[in-house]
Structure formats: C-alpha cells, structure tokens
2 protein chains.
Amino acid sequence: MHQKGLDHSIGFLLGATYRKLTNFFAARIKDFGLTPEQWAVLFRVREEDGLIQKELAERAGKDKPTTTRILDSLEAKGFITKRASEHDRRSFQVYITDLGRETADTIEPIEYSTIAEIARVLSAEEYEQMTSLLKRLNAHTTSLLEHEKE
Amino acid sequence: MHQKGLDHSIGFLLGATYRKLTNFFAARIKDFGLTPEQWAVLFRVREEDGLIQKELAERAGKDKPTTTRILDSLEAKGFITKRASEHDRRSFQVYITDLGRETADTIEPIEYSTIAEIARVLSAEEYEQMTSLLKRLNAHTTSLLEHEKE
DNA sequence: CCAAATTAGTTGTTACAACAACTATATTCC
DNA sequence: GGAATATAGTTGTTGTAACAACTAATTTGG
C-alpha cells in the first residue's frame, strides 16, 4: 500500500508540478506571443506540414474542441494557415507560415534551456527515469480510460 | 543533453499524464458532486478545521482567486461553511459540514483505490521514486519562480 | 500616532480543458 | 443507391488557473 494523504498522491503532485513548470516556461515565451499549449500545437504543425486537425489533436495530446480553438488563435496571430483538404471536404490541412517557423525556431532552444534549468535537480538517469515512468503511466491510464467507455 | 522533441519534454509529458489521471479520477467521483480540484480543497479543510483561505490555498497548491472560487462552489453545495475570523476582520475561517465530512469519508478510499489502479504499472519502488522526483522538481521550480520575481 | 506599506479576500479577463450537442460530409452495408 | 452510421470540425457551457486590479483591514516605521 502506498503512503496516504494528498501530499503523497501522484495526481496531486503531478498537477502541482505541472502547473509550476508550465508557469515558468510560459513566462519565458510570452513575449513571443505564445502560451505553452499553443507552442505544443505549433511544434506539431512545424514537425509535419499539411496535417489535418484531428491528427494534430492526437499528436499534441489535446481534444478536438481545444485544438480548434488553439488553431484559431495561432491563425489569428499569423503563425499558421488552414486550407480546405482536397480529399475530404470536412477537413482542413494546417500549414505553418514563415512567421510561425521563425517563432518556432526561436522558441525551441528556449524550451530546451528551460528544461535543463528545471531538471538541474535531477541527474541524467533520474530525468530518463522520470520521463519513462511518465510515459508508462500515461499509456496505462489511456488504456484504462478507453476501457471505461464500454 | 536530454533527448529532444516534445515527446521527451517533461512539461509536455507531465501535462498529458496529469490530464489523463485527473479525468480518470473525475469520472469516479463526479456522482458525489465533486471535481478533483474541489476534492483537494475539501481534503485540506477536513484535515484541519478553521483554517483561513490563505492557508488553505497554500496547502491545496492553489492561488487565492482559485481558492475563493472553489470554496464558493463547496459552500454552495453545502460541504463547507465560512465564518468571519474574530482575530482578523479581513479573513474567514473555513469549517467542514457534516455532509462535507461524510462525502470526504466516502471519497478518500476511492482516491486510494484509483491511485492503486493507475499505479499498477509501477512497482512500489517506482511509485516511491516517481513521487520523490516530483517533489524535488516541484520544490526546485517553486524556488526558480520565486527568484524570478526580483 | 498616523501615513505608507502589507495582507486577506474578491472580481474581471483570458486561456485551457472536458463534455455535449450540433452541422456537414463520408462511409458502410443491406 | 439510399438509409443508417461514422467522422471532421465547430460551438456552448462549466470548471480550473493565472494575472491584474481592486476593497477593506492590519501592520510598520518615522
């Protein structure tokens, strides 16, 4: 049995830690006109141009409505454009603009240095362990959630 | 240097994992009229009766406005009551109601079983390692954020 | 002792996230 | 081929979170 109480609950700790990391990173990139969530989506767009929103949503770990709204704000700021897909008139393909690419190129090294700064209290093995445990938890919970819907 | 790309970024993984854990837990407690965030605050109120909002905010890992609004919703649902402090007329002391205590007593074991279910992919040592790494990251980022404000 | 600074709490605004309901197009399968 | 079903995306609503601006009360320091 695990230790009890909120202070030892993974959920509570995960939330508190995530919020702090995010705030720290947000402060570092806000002058470029992006939030961490918008950055995650822009990163995916730059990674592969021409994806449709559904695919972007999956890769960015967001649901469809959230992705719609984040893409709207990225488009309003001129970082991406949407074009109606020729194959499927329900969907849009998303492309990064020159401004979007420049901005992403600027932010990427900031992300890495921010991670390095935050992870300075962890050894390289600990960082590795942390991300691998997170991936495992993530995958397991995803399958629990999918199982739920039956 | 750490592995690059969003899929290996602690921030991204932390956020995605936190959201999934939270959704899973939220589904388990929603019939009791509480969200995970409201549960975290109610837990703290039950832990120590008569705290003022500022103290609750710290213990629940939330800021003041968020705490105000969560307490409002807990009060509207009859889980807590607020009384003006006698010592300091700016502040309110928060008390759990009978209904609040019953509900908290019901939810606590659900929290533990949910954690157990989610953490089934981790060994006891891995769970321990995970929470201790999270606490360390959390503390370090907190100090970075405080340092920021100068 | 009183003006200045601090503190407790609230309110307004913006952004994410989850869910549900909806439109429009595509696919399935009888 | 056409009705039933599924899929892509949008919109509305609720809850959480961060920040800033605010009120009211308290503390500090000349």
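For the numbers below, each heavy atom of this structure counts, side chains included, while hydrogens, waters and symmetry mates do not. We name chains A, B, ... by the order of the sequence lines, and we start the count at 1 in each one.
If A:E37 and A:R89 are placed on DNA chain C by their nearest nucleotide, the residue sitting closer to the 5' end is A:E37. Residue whose closest nucleotide on DNA chain D sits further toward the 5' end, between B:K77 and A:F92: A:F92. In terms of position along DNA chain C, the nucleotide closest to A:T66 lies nearer the 5' end than the nucleotide closest to the other residue of the pair A:T66 and A:H87.
Remark: C1' of C:dA18 and OH of B:Y18 are 12 Å apart, rounded to the nearest angstrom. If you take CG of A:N23 and C1' of C:dT14, they are 14 Å apart, rounded to a whole angstrom. If you take CG of B:L14 and P of C:dA17, they are 13 Å apart, rounded to a whole angstrom. Separating the CZ atom of A:F25 from the P atom of C:dC16 is a distance of 13 Å, rounded to the nearest angstrom. Between the NZ atom of A:K64 and the P atom of C:dC19 there is a distance of 13 Å, rounded to whole Å. The nearest whole Å value for the distance from the NZ atom in A:K30 to the P atom in C:dC16 is 15 Å. To the nearest angstrom, C1' of C:dA15 lies 19 Å from CH2 of A:W39. For the pair A:I70 CD1 and D:dG9 C1', the interatomic distance rounds to 15 Å; values are reported in whole Å.
The residue A:R69 sits close to a base: some heavy atom pair falls under 4.0 Å. Among the protein residues, A:T68 comes within range of the nucleic acid bases, having at least one heavy atom under 4.0 Å from a base atom.
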Checklist entry - Can B:I115 and B:E111 be said to form a side-chain contact (heavy atoms from CB on, under 4.5 Å), step by step? => result CA-CA 6 Å; B:I115 290 178; B:E111 169 168 8; 3.7 Å; yes

Next on the checklist: Could you go through A:S73 and A:Q38, starting from their C-alpha distance and side-chain angles, then the distance that decides it, and tell me whether this counts as side-chain contact (heavy atoms from CB on, under 4.5 Å)?
Outcome noted: CA-CA 8 Å; A:S73 80; A:Q38 290 163 10; 3.3 Å; yes

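Distances shown here put a side-chain N or O of A:K62 below 4.0 Å from the OP1 or OP2 atom of C:dA17. In terms of phosphate contacts, B:S73 brings no side-chain nitrogen or oxygen within less than 4.0 Å of OP1 or OP2 of D:dG15. Proximity of A:K54 to the phosphate of C:dT25: no side-chain N or O atom is located under 4.0 Å from OP1 or OP2.
For A:P65, taking side-chain heavy atoms from C-beta onward, the closest of the listed nucleotides D:dT26, D:dG12, D:dC19 is D:dG12. When the nucleotides D:dA18, C:dG9, C:dA17 are ranked by their closest atom to the side chain of A:R19, D:dA18 comes out on top. Comparing D:dA25, C:dG9, C:dC16 by their closest approach to the side chain of A:Q38 singles out C:dC16. The side chain of B:R90 approaches C:dT7 more closely than any other nucleotide in the set C:dT7, D:dG9, C:dA26.
At least one donor-acceptor pair closer than 3.5 Å links the side chain of B:R44 to the backbone N or O of B:R59. Side-chain atoms of A:S9 do not come within 3.5 Å of backbone N or O of A:G5 as any donor-acceptor pair.
Counted within 6.0 Å of CG on B:D105, heavy atoms from surrounding residues, nucleotides or ligands total more than 12; the atom is thus considered enclosed.
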